[in-house]
Participant: 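I have a structure here, written as structure tokens, and I will follow up with some questions on it.
Naming: A, B, ... by sequence-line order, numbering from 1 per chain. Just so we're clear, the structure is a prediction, and the values are computed from it rather than from any experiment. Computation of the quantities below employed the complete heavy-atom set of this structure, encompassing side-chain atoms and omitting hydrogens, waters and symmetry-equivalent molecules.
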There are 2 protein chains.
Amino acid sequence: MAARAGLTVDAVTTAAVDLADAVGFEQVTVSALARRLGVQPASLYSHVRGTDDLRTRISVRALEQLGDALALALAGRAGRDALEALVDAVRDYARRHPGRWQATQVPVDVAQAGDAGRRVSALMRGALHGYGLPPQEEVHAVRLLGSTVNGFVRIETSGGFDHSRPDAATSWRRMTAVLDSALRHWPDDDT
Amino acid sequence: MAARAGLTVDAVTTAAVDLADAVGFEQVTVSALARRLGVQPASLYSHVRGTDDLRTRISVRALEQLGDALALALAGRAGRDALEALVDAVRDYARRHPGRWQATQVPVDVAQAGDAGRRVSALMRGALHGYGLPPQEEVHAVRLLGSTVNGFVRIETSGGFDHSRPDAATSWRRMTAVLDSALRHWPDDDT
DNA sequence: CCTTTAGCCTACAGCCTGTAGACAGCCTGC
DNA sequence: GCAGGCTGTCTACAGGCTGTAGGCTAAAGG
């Protein structure tokens, strides 16, 4: 009756990540995961501390994977080429793995996800390097880029563009061009 | 024993909106609201259909209020002045009413929130009118602006800027300037 | 007054979380 | 080859939330 199902923290997390993509990050619960694994809910508490812990693990793994994807996309590129590769990689990741993307969007304890998060922002900073911005402006550019990509992908994945023309892909292409232009003609800070 | 508490759909929604700001949109439940109103959970089911309905009502009301705030901020302004008023109004609303802001960010049935949502995007479009963009580019500009403001506010309210320098307000000012510049020097579409 | 309406109640079924303790399969040492 | 310990999964349960059913009573209208 108690045949081993081969659960480990890692296997549980992997299954949770898949579940998040299948049903949405917010719908990941201990019970739902147990059903999918063919196991009683209580069994999972030996491996994760609870629903919150489960979700945190999904977030950390998703951030790591996003970092991998960005690193791969940026290898050997610079300037507008790098910018397009970066933003397209983020959008691709979000569209292909909606649950994981949602997971990267929830604030998570710095102690647990700090490294993965810092890696992503370092990669973004690297992608902008070819634009030759003044050093003190780089952080603003990273935030602009991060905010815009984040916001767009969020609106797109939640269907915000579904009922208006033209389609999201067209705006995405134009927005990338505008961002590239803005980075090349970065205005002085005359405060 | 059954003294009337004076509940109506409207009063319930107002209380729910306040609760959202106090504890976060995701934490709004029938039970939590009943506790706050000093009433049994079942009593609320005479006024709202359930937790989903409750949250939808919060979203609709928040979108309407956001529209009001934007309309007020934009009255009598144009160009960069209008742009700054617009983005500042959104950011202010989000900071002052975090729960309501979250509520505006969840996708909601078009039939229920369509008007309020359309009003917000119409106001944004109006704010950009002074920049004299080509008509077919306006939608892209609205989406760029919406995405950027959305993404920034989202990251800011979830504490994403808390552990890096300089502070969010500085980046916000710079980003507004960059957006203004991008709108004034909108690149041609050479696809 | 007295009836009707409508608001709030209690009770309950069902699901989810998280804890405690029982029990079975696997590994280790001998 | 086997005894004993460990580890993983189980059942059982307490507590909370959702949503339904049906009862009771305060207010409104004739």
Participant: Kindly write out the residues that satisfy salt bridge (charged side-chain N to carboxylate O under 4.0 Å, His left out) with A:Glu26, not counting sequence neighbours, or none if the list is empty.
Facilitator: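 With neighbours one apart ignored, the set is empty.
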Participant: When the distance from OH of B:Tyr45 to C1' of D:dT20 is rounded to whole Å, what number comes out?
Facilitator: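 One finds 10 Å between C1' of D:dT20 and OH of B:Tyr45, rounded.
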Participant: By side-chain contact (heavy atoms from CB on, under 4.5 Å), which residues pair with A:Arg173, not counting sequence neighbours?
Facilitator: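 Applying side-chain contact (heavy atoms from CB on, under 4.5 Å) to A:Arg173 gives A:Thr170, B:Thr191.
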Participant: B:His47 NE2 to C:dG7 C1': how many Å, rounded?
Facilitator: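 Value for this atom pair: 6 Å.
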Participant: Whole angstrom is fine here: how far is it from CG in A:Asp52 over to P in C:dG18?
Facilitator: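 It is 7 Å, rounded to the nearest whole Å.
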Participant: Counting heavy atoms from C-beta on, name the nucleotide in C:dC8, D:dT9, C:dC16 closest to the side chain of A:Arg35.
Facilitator: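 Output: C:dC16.
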Participant: How many whole angstroms separate atom CD of B:Gln40 from atom P of D:dT18?
Facilitator: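 Nearest whole value for this atom pair: 13 Å.
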Participant: Measuring to OP1 and OP2 of C:dG7, would you say a side-chain N or O of B:Ser43 lies under 4.0 angstrom away?
Facilitator: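 Checking B:Ser43 against C:dG7: no side-chain N or O falls below 4.0 Å of OP1 or OP2.
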Participant: Using 4.0 Å as the upper bound for N to carboxylate O, is an ion pair formed by A:Arg77 and A:Glu84?
Facilitator: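 Salt bridge flag = no for A:Arg77 with A:Glu84.
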Participant: Show which side-chain atoms of residues 6-19 of chain B pair as donor or acceptor with protein atoms under 3.5 Å away, not counting sequence neighbours.
Facilitator:
residue : atom : partner : partner atom : Å
B:Thr8  : OG1  : B:Asp10 : N            : 3.4
B:Thr8  : OG1  : B:Ala11 : N            : 3.0
B:Asp10 : OD1  : B:Arg61 : NH2          : 3.2
B:Thr13 : OG1  : B:Val9  : O            : 2.7
B:Thr14 : OG1  : B:Asp10 : O            : 3.0
B:Thr14 : OG1  : B:Arg61 : NH1          : 2.6

Participant: Is the shortest side-chain N/O distance from B:Thr51 to OP1 or OP2 of D:dG19 below 4.0 Å?
Facilitator: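 Checking D:dG19 against B:Thr51, a side-chain N or O does come within under 4.0 Å of OP1 or OP2.
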Participant: I need the residues from residues 25-33 of chain A with at least one non-hydrogen atom less than 4.0 Å from DNA chain D; give them sorted by number, or say none.
Facilitator: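 Those residues: none at all.
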Participant: Could you please name the option among D:dA12, C:dC9, D:dT18 that lies closest to any side-chain atom of A:Ala42?
Facilitator: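 Nearest to the side chain of A:Ala42 among the choices is D:dA12.
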Participant: List, one per line, each side-chain donor-acceptor pair under 3.5 Å for residues 65-72 of chain A, sequence neighbours excluded.
Facilitator:
residue : atom : partner  : partner atom : Å
A:Gln65 : OE1  : A:Tyr93  : OH           : 3.1
A:Gln65 : OE1  : A:Arg100 : NH1          : 2.8
A:Asp68 : OD1  : A:Arg119 : NH1          : 3.1
A:Asp68 : OD1  : A:Arg119 : NH2          : 3.0

Participant: Identify, with sequence neighbours excluded, every residue that meets salt bridge (charged side-chain N to carboxylate O under 4.0 Å, His left out) alongside A:Arg35.
Facilitator: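 For A:Arg35, no residue satisfies salt bridge (charged side-chain N to carboxylate O under 4.0 Å, His left out) once neighbours in sequence are set aside.
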Participant: Would you mind reading off the distance between B:Arg49 atom CZ and D:dG19 atom C1', rounded to a whole angstrom?
Facilitator: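 Distance, rounded to whole Å: 13 Å.
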Participant: Rounded off to whole Å, could you give me the CG-to-P distance for the A:Leu54 and C:dC16 pair?
Facilitator: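 My rounded result for the distance is 14 Å.
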Participant: Between C:dG7 atom P and B:Asp10 atom CG, what is the distance in whole Å?
Facilitator: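 About 14 Å, once rounded to whole Å.
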Participant: So, B:Phe152 versus B:Trp172, ring centres under 6.0 angstrom or not?
Facilitator: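 Yes, they do, as the ring centres are separated by less than 6.0 Å.
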